[in-house]
Each structure stands twice: as C-alpha cells, then as structure tokens.
Amino acid sequence: KGGEKLDTTIWGPVLRTYRKRRGLLMHQVGSSLNVSESCICRYESGKRQIPPDLLVAWAILLGAREILTGACSTCPVGMALKNDNPLNAA
C-alpha cells in the first residue's frame, strides 16, 4: 500500500509491564491468545513485530488502554476508546 507500517515492537515492553502487574506468566497470556510462550517472549522483548489484531487482543486482555488509543488511533476500537465511549467500538 505504500503507507508507513506501524512499528509494534515498541509495545512489547509495555505489554510485559502490564502482564507482570497482573501477575500473569507468559504461557498464560500465550494460552489466552493462542500464541506460543516463545512468541510472547519475542514480542515482549521487541524482537518481533506484533500483528495488529494480536496487539489489540493482547491489550484488551491486559487492560492496556493506552496501547489501543496510541497504536490504533484510527481503528474503530482505538477511536471509540479515545473518545471514552467503548460502546461505539462494536
């Protein structure tokens, strides 16, 4: 498409922080997202790009609202949360 791609590697360390605050292990998050623990590790360390759909699911799982509003500011979920009206995200 020629547009700039979102660098999702910057969100890995943020997701790690949220995961640890929630007392979750990598394999627990991976199991919930249907992703291997080794992939979670690579995503959190910034060694691998996080697919946008996985980023959204992961942020929702951990309650990481700023990821949705920061990384997905133009997607329906991000826009609705940015406007403090999650009901519009459907």
Side-chain angles (χ1 to χ4, degrees):
K1 283 189 173 181
E4 270 189 53
K5 277 189 149 184
L6 174 67
D7 180 10
T8 59
T9 61
I10 62 172
W11 297 109
V14 177
L15 290 165
R16 178 188 298 134
T17 299
Y18 271 89
R19 176 182 58 77
K20 288 183 175 185
R21 283 183 190 162
R22 298 230 181 266
L24 296 171
L25 301 173
M26 282 189 276
H27 80 275
Q28 292 171 310
V29 170
S31 177
S32 293
L33 299 172
N34 202 26
V35 176
S36 71
E37 181 177 350
S38 62
C39 278
I40 295 294
C41 183
R42 287 192 295 271
Y43 292 140
E44 285 188 351
S45 66
K47 293 180 181 174
R48 188 171 177 185
Q49 289 285 333
I50 305 168
D53 58 333
L54 179 62
L55 179 63
V56 170
W58 197 345
I60 290 170
L61 175 71
L62 298 178
R65 182 183 175 107
E66 71 268 15
I67 291 175
L68 293 175
T69 57
C72 302
S73 59
T74 60
C75 73
V77 173
M79 288 171 57
L81 290 172
K82 191 172 186 175
N83 293 327
D84 289 321
N85 191 353
L87 295 177
N88 287 338

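Reckoned from all heavy atoms, side chains included, excluding hydrogens, waters and symmetry mates. A quick note: this is a predicted structure, and the numbers were derived from the prediction, not measured.
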Verdict with supporting geometry, Val35 and Trp58, side-chain contact (heavy atoms from CB on, under 4.5 Å): CA-CA 11 Å; Val35 176; Trp58 197 345; over 6 Å; no
Between Arg22 (side chain) and Leu62 (backbone), is there a donor-acceptor pair under 3.5 Å? yes
Check whether Arg42 reaches the backbone of Lys47 with its side chain - one donor and one acceptor, N or O, closer than 3.5 Å. no
Search all heavy atoms of Tyr43 against all heavy atoms of Pro51 and return the closest pair with its distance. OH-CD, 3.6 Å
So which heavy atom on Leu61 is nearest to which on Ser32, and how close? CD2-CB, 3.9 Å
Minimum-distance pair of heavy atoms, taken over all atoms of Met26 and Glu37: CB-CG, 3.8 Å
Using side-chain heavy atoms (C-beta onward) and a distance below 4.5 Å, is Ile50 in contact with Leu15? yes
Around atom CG of Asp53, are there more than 12 heavy atoms from other residues, nucleotides or ligands closer than 6.0 Å? yes
Rounded distance [0.5 Å steps], CD in Glu44 versus OG1 in Thr9: 13.5 Å
Which atom names give the shortest non-hydrogen contact between Ile40 and Gly30, and what distance separates them? CG1-CA, 3.7 Å
From Trp11 CH2 over to Leu55 CG, what is the distance, rounded to the nearest 0.5 angstrom? 8.0 Å
So which heavy atom on Cys39 is nearest to which on Arg48, and how close? SG-NH1, 2.9 Å
Pairing residues for Leu25 by the side-chain contact (heavy atoms from CB on, under 4.5 Å) criterion, not counting sequence neighbours: His27, Gln28
Sequence neighbours excluded, which residues qualify as side-chain contact (heavy atoms from CB on, under 4.5 Å) partners of Ser31? none
